[in-house]
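As structure tokens, the structure follows; a few thoughts come after it.
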Protein chains: 2
Amino acid sequence: MAGVQTHERPSKVLKYEIVAAGIRALISASLAPHDALPSERDLMASYGVSRMTVRAAIAKLADEGRVYNIRGSGTFVGSITSFTRTPKLTSFTEDMTNRGFIASSKTLAVARIEADEEIAGHLAIPVGTECTHMRRLRLADINPMAIEDVYLPTSVVAIESLRLDESLYAQLAATGHEVYRAEEDIRAINLTPGDSRLLDVPDGSAALQVERVGSSRKGQLVEFARTIYRADRYNFHFVVTRETNET
Amino acid sequence: MAGVQTHERPSKVLKYEIVAAGIRALISASLAPHDALPSERDLMASYGVSRMTVRAAIAKLADEGRVYNIRGSGTFVGSITSFTRTPKLTSFTEDMTNRGFIASSKTLAVARIEADEEIAGHLAIPVGTECTHMRRLRLADINPMAIEDVYLPTSVVAIESLRLDESLYAQLAATGHEVYRAEEDIRAINLTPGDSRLLDVPDGSAALQVERVGSSRKGQLVEFARTIYRADRYNFHFVVTRETNET
DNA sequence: AAGTGGTCTAGACCACCGC
DNA sequence: CGGTGGTCTAGACCACTTC
């Protein structure tokens with residue numbers, strides 16, 4: 001039997017997704033940035049749904065940065081440009097695809113290790129727990145983009161069953177450990193001499209480090225990953241808004 | 001009775017804010033990370049509100065990273081630690097307050113300049129347009145935290161009317177140019193010798209650079225700001241989730 | 001004054017989880 | 001199976017912006 005498959009779509013068609021798709025189409029077909037969308041009440045009538053459904057659709061589009069609301073005035077098309085990265089959970093391959101690159105990898109090391117204090121702390125497991133460690137050089141269009149170290153408890157993925165030629169996330173999903181939620185920590189670092197060579201930049205160059213602790217839909221901690229991106233090739237770009245808060 | 005006048009904004013008390021505050025208090029009083037919250041239906045009864053109001057409160061807490069939902073199972077307390085910075089639009093002072101520091105500033109330069117190509121591009125104005133430039137060293141508890149350069153078209157704020165001892169954002173808001181939405185670009189850089197000295201770190205140290213283009217409610221571009229943070233003192237920490245995508 | 005988005009009610013059915 | 005969060009309806013009043 002060829003190829004492990006992830007679950008097909010028993011997914012129900014959500015009404016607010018239909019409305020959102022319709023609005024997306026409307027925007028790309030006939031609206032320019034800062035143009036007004038039809039009012040929520042108009043959209044209710046157009047799609048034959050309740051107002052809450054319309055608002056759920058607009059909320060999703062706003063989250064994507066495609067539209068924004070002005071109270072008392074209307075909903076308007078945003079001015080998203082290229083190279084946007086809303087803070088959503090994506091795999092490296094998806095991220096590169098979104099940025100217009102072709103992703104590839106070179107596996108540098110795969111090993112069975114015992115969790116040190118840092119890894120154990122992030123994954124909430126006892127120090128010394130057996131883990132699978134994978135170190136990969138990540139490429140975008142054949143050029144070095146990042147170095148990624150991933151640590152997973154052996155109970156999640158054993159090293160023997162790991163297939164290096166397949167997406168790690170797909171393998172996790174296939175075994176019921178889909179990474180659904182993660183906490184990310186982003187900071188700037190100076191590269192070590194070894195990492196500088198791998199990324200083909202001068203020693204001591206700045207780099208963007210993203211640490212991620214990923215958990216499954218059920219809340220189980222699945223992976224700890226540290227990814228170090230070339231500073232000259234990688235950035236985050238997103239929209240922030242002012243909210244009436246706060247404590 | 002005679003009307004009591006205050007300078008406070010007569011902000012309406014929102015029900016979902018009350019519920020959210022109650023849940024926040026419950027969490028800090030008696031719940032540990034990954035403990036379950038009362039169910040939404042229980043919260044409805046406790047606060048005497050509809051389910052949608054409860055869900056609005058929980059949605060806000062989830063946005064803050066304080067709780068997370070598991071379908072079919074419940075809502076649980078998140079594991080956010082210190083030094084969190086959700087990607088919201090904040091002033092430097094607010095940001096530092098959230099992180100537990102006391103913010104202060106030292107103005108390094110204020111000048112009238114003509115927009116170069118970069119600034120003009122960000123603010124969508126012709127090259128050579130008159131702008132106000134302000135350069136400040138930002139401190140957290142007396143320690144250098146960041147260097148900030150802000151550029152504003154003179155039509156938004158003229159240098160003569162700028163008061164250095166007052167919040168820039170407050171002055172902008174007072175003249176109808178409140179920054180309420182912004183696009184941010186985050187990347188890692190190596191500090192220049194001059195900036196290294198200002199931030200009191202070794203020459204060539206890595207730093208986190210945040211560029212921001214802020215716009216008013218009406219979509220007018222108001223400011224271009226570049227803030228360079230000490231890498232050892234500043235990071236972003238936020239929660240990301242996997243969402244139904246379809247692009 | 002009219003129209004907009006923001007909040008809120010009081011119900012309902014569904015998909016999913018753990019027992 | 002009962003309980004949970006996810007979606008959805010059909011209304012309502014409010015605060016705000018624009019005319």
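Each chain gets a letter, A, B and so on, in the order the sequences are listed, and its residues count up from 1.
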Starting at atom CD of Glu17(B), determine the distance to atom P of dT7(C), rounded to an integer number of angstrom.
9 Å

Mapping Ala56(A) and Arg71(A) to their closest nucleotides on DNA chain D, which lands nearer the 5' end?
Ala56(A)

Among dC8(C), dT9(C), dG5(C), which is the nearest nucleotide to the side chain of Val49(B)?
dT9(C)

Sidechain-backbone polar pair: Ser216(A) side chain, His177(A) backbone, donor-acceptor under 3.5 Å
no

When you measure from the side-chain N and O atoms of Tyr16(B) to the phosphate of dC8(C), is any distance below 4.0 Å, counting only OP1 and OP2?
no

Arg51(A) CZ - dT7(C) C1' separation (whole Å):
9 Å

Nearest whole angstrom, please: distance from the P of dC16(D) to the OH of Tyr180(B).
16 Å

When rounded to whole Å, the CG to C1' distance for the pair Asp35(B) and dT4(D) reads 17 Å

Can you figure out which of dT7(C), dG6(D), dC8(D) approaches the side chain of Leu14(B) most closely?
dT7(C)

Separation of dC8(D) atom P from Glu40(A) atom CD, nearest Å, is 16 Å

From the list dT9(C), dT4(D), dG5(C), which nucleotide is the closest neighbour of the side chain of Arg41(B)?
dT4(D)

Should the pair Tyr229(B) and Tyr234(B) be assigned to parallel (<30°), tilted (30 to 60°) or perpendicular (>60°) ring geometry?
parallel

When you match Ile70(B) and Met52(B) each to their closest nucleotide on DNA chain C, which lands nearer the 5' end?
Met52(B)

Under 4.0 Å between a side-chain N/O of Arg55(A) and OP1 or OP2 of dG6(C), yes or no?
yes

Nucleotide of dT9(D), dA15(D), dT9(C) approaching Lys15(A) most closely (side-chain heavy atoms):
dT9(D)

Whole angstrom value for the distance that separates P of dG2(D) from CG of Asp42(B)
17 Å

From CZ of Arg217(A) across to P of dC16(C) the rounded distance in Å is 10 Å

Please classify the nucleic acid contact of Ile58(B) as base, sugar-phosphate, or nothing, using heavy-atom distances under 4.0 Å.
nothing

Distance below 4.0 Å between Ser50(A) side-chain N/O and dC8(D) OP1 or OP2:
no

In this structure, is the centre-to-centre distance between the rings of Phe76(B) and His34(B) below 6.0 Å?
no

Nearest 0.5 Å please: distance from the CG atom of Leu14(A) over to the OG1 atom of Thr53(A).
10.0 Å

Distance in angstrom units between Phe76(B) CZ and dT4(D) C1', rounded:
9 Å

Angle class for the Tyr68(A)/Tyr180(B) ring planes (parallel below 30°, perpendicular above 60°, tilted otherwise)?
perpendicular

Taking OP1 and OP2 of dC17(C), is either one under 4.0 Å from a side-chain nitrogen or oxygen of Ser73(B)?
no

